[in-house]
Amino acid sequence: MQQTVRAPELESPLGWLNTDRPLRIAHELRGQIVILDFWTYCCINCIHILPDLKYLEAKYANEPFMVVGVHSAKFSNEGTRQTIRSAIHRYEIEHPVIVDDAMKLWRAYGARSWPTFVVIDPQGYVASHIAGEGHRETLDQTVVELLDRHREKGTLADGPVAFQRDAVVEPATGLAFPGKVLADRDSQRVFISDSNHNRIVVTSWPDANGRCERIKIIGGGQTGQTDGPADIATFGHPQGMALQGETLFVADTENHLIRAVNLSDWSVSTVIGTGEMGYDRAGGGMGVQQAISSPWDLAVEGGTLYIAMAGTHQIWRAEMPIGFARALAGSGRENIVDGPAEAAALSQPSGLCLHKGKLYVADSEVSAIREIDLAAECVTTIIGEGLFVFGDVDGDHRVSRLQHPLGVESWHDKLLLADTYNHKIKIVDPAARTVVSLYGTGSPGARTDDGLPAFYEPGGLDVCGDELFVADTNNHRVVRVDLKTHAWAELRIDGLVGAAAHRAGEEGEIITADTVTVSPDHPARISIRVDLPSQSHLNGEAPWTIQVVRDGTILAQETGIGGDWPLEVIVAPGILPESGVVDVHIGFVYCTDGDEGLCIPGQLAWRVALEKGEGSNEIALTAAISPPNVQNIEPAKPAPAKRVAFTRCRPVLKTNDIRSTLEFYVKILGFQATALRPSDDPTFCTLDQGLASITFDAVLDDSPAFSGQIAFEVGDVRALYDSIKDRVKIVRGLSTSHDGRREFTCLDPNGYVLAFHGAASTPTAKP
């Protein structure tokens with residue numbers, strides 16, 4: 001493509017995620033080859049291309065290349081920073097993502113479908129525009145050609161853009177984005193697809209308080225396709241499960257496999273799939289010879305295994321144990337069309353259940369519940385109208401609306417539905433074609449004000465009698481609910497202690513709290529308050545979890561979203577020991593201030609000694625997370641090649657920490673400081689540098705901060721770049737400007753852009 005179309009700038013009022021700052025084509029991304037990935041996190045095709053992007057990111061890790069996700073939401077639930085951030089973590093995305101508010105960038109770049117790729121060359125022109133999945137080789141070749149061409153032209157930056165990603169908190173529950181749950185009353189076991197830990201967790205049947213024991217972990221935790229014993233086997237973000245006798249079938253979603261777990265010896269084998277994503281929409285192959293695509297849920301009846309094949313928008317069936325697999329319903333076209341099974345159209349089916357000769361399907365992308373009559377092999381729609389018809393409305397099928405449901409299960413003559421993007425559990429009457437909300441508020445939550453369960457994108461559910469089990473995916477937990485009494489509890493899995501138990505406190509040790517006198521026969525309230533670093537706050541959009549643990553047994557557990565310090569957990573009467581010690585763990589997320597603030601995991605633990613007595617049963621725990629200490633500044637003498645003159649501005653800059661700011665300018669950058677003195681107001685400090693000065697203002701007021709670049713002329717710009725590149729945040733690496741000079745930019749501790757310019761061939765600075 002000829003370089004005639006300038007790439008529109010990347011601007012969004014909702015800002016950026018997974019990066020410590022915005023990135024601009026005209027500044028930070030200049031000299032870089034950039035792939036824009038237009039995606040929306042509901043889309044199975046967008047999930048399919050993530051391995052391609054990871055491949056390219058790994059291959060060109062040391063080159064001036066980067067991927068930028070442009071999240072252009074389909075569903076209203078996908079349009080918030082909160083839910084997009086969770087999706088970034090769930091899909092383990094490592095590149096920056098810009099929130100495309102109101103799809104402005106989508107329109108500016110002419111995107112028509114998800115996913116769409118736009119390749120931008122180092123000079124800011126659109127080099128390529130590709131839609132759909134399966135383009136790894138094309139993208140790879142485009143990057144190679146652009147690298148060669150612009151290296152020859154001298155328009156490449158020296159290396160990739162450095163940025164800081166969000167850190168991911170390890171949930172205190174021990175689960176990470178659990179996708180599905182299966183409860184088997186006969187064997188008194190619960191099976192949980194612990195999706196982001198790439199394993200299946202098997203527990204005992206929970207008591208009324210949700211307490212259960214870990215029976216077995218199936219899967220070593222790494223992503224892979226290895227068969228064998230439970231501790232050796234590997235999975236790729238498994239989802240749905242089905243139980244047939246002593247065989248547990250697992251939809252190994254991102255491996256495009258069906259796995260079988262022998263519950264007698266806990267061994268894992270592959271029964272269907274090649275391990276590569278297939279595009280076959282008919283089937284007819286046998287077992288491991290038959291390629292499949294993103295199986296998301298399973299149901300079994302007799303010797304027939306039904307598969308929700310999300311990747312090809314179909315329902316398949318396999319005759320077990322021989323593994324003969326073929327398509328049952330859906331032409332492969334993504335839509336909502338009823339009629340004979342082979343001609344009907346489905347759209348990313350993600351949940352299945354069998355009931356009285358009918359197979360019910362949570363058809364997520366059309367926000368629908370579909371019914372397949374297995375005798376007549378005919379598809380009908382219970383609720384739902386189209387790919388872009390969704391909402392949160394109860395009532396009959398003429399008015400009711402769902403939003404991307406992922407789970408469905410039968411209960412008596414009704415269906416229970418995980419209406420995932422509405423954060424609700426609903427009841428569907430398939431005969432009357434009506435929907436009624438049962439649990440949830442319509443927004444992410446963990447507990448309602450009146451004490452009922454709330455959810456955050458629940459992905460799967462199962463019912464045993466009148467007990468409902470919910471995989472509350474984004475809250476990293478499983479919830480059990482009594483459908484008659486509405487009593488409920490989180491599953492507290494003894495032996496599955498979360499990461500906070502293993503690395504607690506800032507130095508990796510448990511904080512010793514004061515001895516507390518308690519009356520074990522009364523409830524105890526444990527409150528936690530954490531002092532965070534300045535200019536940071538508790539993330540009100542991410543789940544937090546508190547656990548009270550004794551000798552590996554979880555005495556109490558509470559998950560919440562939002563709120564403020566102190567966070568609390570109540571321990572029921574008779575649970576705390578009369579004497580001894582308990583450990584209290586908390587996992588939470590805090591963020592630096594601002595729309596582009598980074599989110600940071602907080603994981604702390606306290607050891608509390610208890611003694612019996614008449615106490616208030618109020619246990620208050622505190623801790624502080626502090627920024628690094630800053631040493632006294634000693635102005636450093638620069639090497640002659642680093643002679644610098646401030647040239648274009650005399651700004652007053654805002655800072656919360658004068659010492660660290662001045663350390664950056666004087667000690668780290670190595671500038672000559674002819675004067676380093678406080679002004680009359682001790683919150684000001686001025687750095688003189690011959691021709692100009694910069695004043696640092698630590699007063700937080702409403703006056704506008706300086707905007708723009710602080711420009712410097714440098715005698716030897718390469719020497720300066722080489723000396724500081726590993727100690728500062730480089731925004732744009734060393735490159736050649738339009739007038740033939742060498743230049744690079746970095747950030748100071750307050751986010752101000754510093755631009756360094758120097759002649760390409762002369763060792764002296766401009767006067």
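Basis for what follows: all heavy atoms, side chains included, without hydrogens, waters or symmetry-related copies.
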Is a donor from one side chain sitting under 3.5 angstrom from an acceptor on the other, for [X] and [Y]?
| X | Y | result |
| --- | --- | --- |
| R85 | N18 | no |
| Y91 | N196 | no |
| S294 | H48 | yes |
| H313 | Q348 | no |
| N77 | Y41 | yes |
| T155 | H150 | yes |
| S86 | Y456 | yes |

Nearest 0.5 Å, what's the [atom1]-[atom2] distance between [X] and [Y]?
| X | Y | atom1 | atom2 | result |
| --- | --- | --- | --- | --- |
| N474 | F177 | CG | CZ | 5.5 Å |
| D121 | Q32 | CG | CD | 12.0 Å |
| N539 | H537 | CG | NE2 | 6.0 Å |
| H71 | I84 | NE2 | CD1 | 4.5 Å |
| Y421 | H404 | OH | NE2 | 3.5 Å |

Would you indicate whether the side-chain heavy atoms of [Y] and [X] approach each other to under 4.5 Å?
| X | Y | result |
| --- | --- | --- |
| R24 | R30 | no |
| E63 | R151 | yes |
| I35 | V143 | yes |
| E152 | D148 | no |
| N198 | T234 | no |
| V119 | V34 | no |
| L50 | D52 | no |
| F588 | L538 | yes |

Donor-acceptor check, side chain of [X] to backbone of [Y], threshold 3.5 angstrom: yes or no?
| X | Y | value |
| --- | --- | --- |
| Y109 | P8 | yes |
| S536 | L532 | no |
| T420 | G459 | no |
| E78 | C42 | yes |

Should [X] and [Y] count as an ion pair when the cut-off is N to O under 4.0 Å?
| X | Y | value |
| --- | --- | --- |
| R81 | D101 | no |
| R90 | E457 | yes |
| K54 | E92 | no |

*Does R136 count as lying over the ring of Y55, i.e. NZ or CZ under 6.0 Å from the six-ring centre, within 45 degrees of the axis?*
yes
_Lys/Arg cation over aromatic F388: K74, 6.0 Å, 45° cone_ = yes
*Hey, mind stepping through E334 and S347 against side chain to side chain donor-acceptor pair (under 3.5 Å) and telling me if it holds?*
CA-CA 5 Å; E334 185 179 15; S347 189; 3.2 Å; yes
*Of F75, W39, W106, the residue whose pairing with W114 passes ring pair (Phe, Tyr, Trp, His ring centres under 6.0 Å)*: W106
*Mind checking ring-ring contact (aromatic ring centres under 6.0 Å, His included) for F744 and listing every partner two or more places apart, or none if nothing turns up?*
Y721, F756
